[in-house]
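Quick note: residue numbers are just sequence positions, from 1.
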Amino acid sequence: MTLLTANPERQMAAIADKVRNGERLSFEDGVFLYRSDDLLTIGQLANEVNLRKNGKKVYFTETMSLYFTNVCESHCAFCSFRKDQGEEGAYTLTPEEMFAYVDQHITPTAREFHIVGGHNPHVPFEYYVESIRSLKERYPHVTIKAYTAAEIDFYSRISGLSYREVLETLMAAGLESLTGGGAEILSDQYRDKMRVEKAGIQQYLEVHRTAHQLGMKTPTTMLYGPVETIEERVQHLIHLRDLQDETNGFQVFIPLSMQPTSPKAGIRRRNSAFEDLKAIAIGRLMLDNFQHVKAYFINIGTQLTQVALTMGASDAHGTIVRERISHAAGALTPAGITREDLVWLIKGAGRIPVERDTLYNEVKIYD
């Protein structure tokens, strides 16, 4: 435990010693780092940790985002994606309708379907199972990464099945990994304030614990913004770190910069670049048992993603076809990026682009 002192330089030096000696940072260390304005030192330390773990390799994959339904029973304050049944713009696709969309947009080198959606109570659990099964049968070469922990909790409630039974049923249909969303901030106070009407802290962690016990590797996220406290952010990281100590099932931590409710929102309604880089760097420093931290260009933009690769990030997400959730909330970033541009971006940061699959197996190194 690092004692809080009136000398921030001494405290930063003590944290640097911990990092360089491979010692775990405490809750107090994390709070100090978030309160510090010494971004360059924080970024340098995160870069040192990342280089020890991953060298200069930066990973990406070719992924396609799919959304079977945007109808949702929850009314979370931060979500602009959801619709009520019958509302203009609401949809629930059949597998055949999804096939038509995929066939129109898929590339020959697509490696992953990233599937999330609303908690639609107007269709049974079997709908969600059949959606996975149909996709896997039609596109057997594409890995299916689908559903958040909150969605798994919802499926458990509507089906009467346990988390394990829900996951086993979906895995038998073709599910190979969960998505990381649904965590938001793992704080009861935050979830009450933001009307997070879905899985709570323990439910989110238990779904991932169960998935890890079944042999599945998963990502995890933190949706940060102006609402939560610094202490809540740090405790969120410790919740994830504790579960990783137990299961070693998380592959990557993904900080998600909260988007305003409109693309016309001014800069004061958005997280600053300073905050975005801090979230990545401090995530890298606190999560010593995670292999990767992702810079999610969908939220922070391509140029800031490039900078983040020198401040602890080892994953640049990947090429993507039509991201919708962040853009429904007002993101101004590209909804996708080409492989050539992504390779150029990574090389421009002095890093080595590495195409990967969902499980971080290396597919191609772009020297």
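Proximity of the aromatic rings of Tyr163 and Tyr155 is defined here by a centroid distance below 6.0 angstrom, and this criterion is not met. Separation of the Tyr59 and His292 ring centroids falls under the 6.0 Å cut-off.
Shown are Val116, Leu167, Ile132, Val207; of these, the side-chain contact (heavy atoms from CB on, under 4.5 Å) with Tyr147 is made only by Ile132.
Residues passing the side chain to side chain contact (heavy atoms under 4.5 Å, CB included) test with Arg111 are Thr61, Glu355, Val363, sequence neighbours excluded. Not counting sequence neighbours, Arg351 has no partner by the salt bridge (charged side-chain N to carboxylate O under 4.0 Å, His left out) test. Listed by chain and residue number, nothing satisfies the side-chain hydrogen bond (donor to acceptor under 3.5 Å, both in side chains) test with Tyr128 (two or more places apart in sequence, or in another chain).
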Please set out all donor-acceptor pairs under 3.5 angstrom arising from side-chain atoms of residues 275-282, sequence neighbours excluded.
unit_1	atom_1	unit_2	atom_2	d
Glu275	OE1	Arg233	NH1	3.0
Asp276	OD1	Tyr224	OH	2.6
Asp276	OD1	Ser257	OG	2.9
Lys278	NZ	Tyr34	O	2.5
Lys278	NZ	Ser36	O	2.5

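Under the 4.5 Å side-chain criterion, counting only non-hydrogen atoms from C-beta, Lys198 is not in contact with Thr148. Side-chain contact check for Leu240 versus Phe290: some heavy-atom pair is nearer than 4.5 Å.
For the salt bridge (Lys or Arg N to Asp or Glu O under 4.0 Å) condition, the pairs that include at least one residue of residues 37-54, sequence neighbours left out, are Arg20-Glu48. Screening residues 118-128 for salt bridge (Lys or Arg N to Asp or Glu O under 4.0 Å) gives Glu126-Arg133 as the qualifying pairs, with residues at least two apart or on separate chains.
We find the CG-NE2 distance between Leu205 and His212 to be 10.0 Å, quoted to the nearest 0.5 Å.
Heavy-atom contacts from other residues, nucleotides or ligands closer than 6.0 Å to CD of Glu96 number more than 12.
Using bins of under 30°, 30° to 60° and over 60° for the plane-to-plane angle, the ring pair His105/Tyr101 lands in the tilted bin.
Side-chain contact annotation: Asp17 with Asn21, donor-acceptor N/O pair under 3.5 Å absent.
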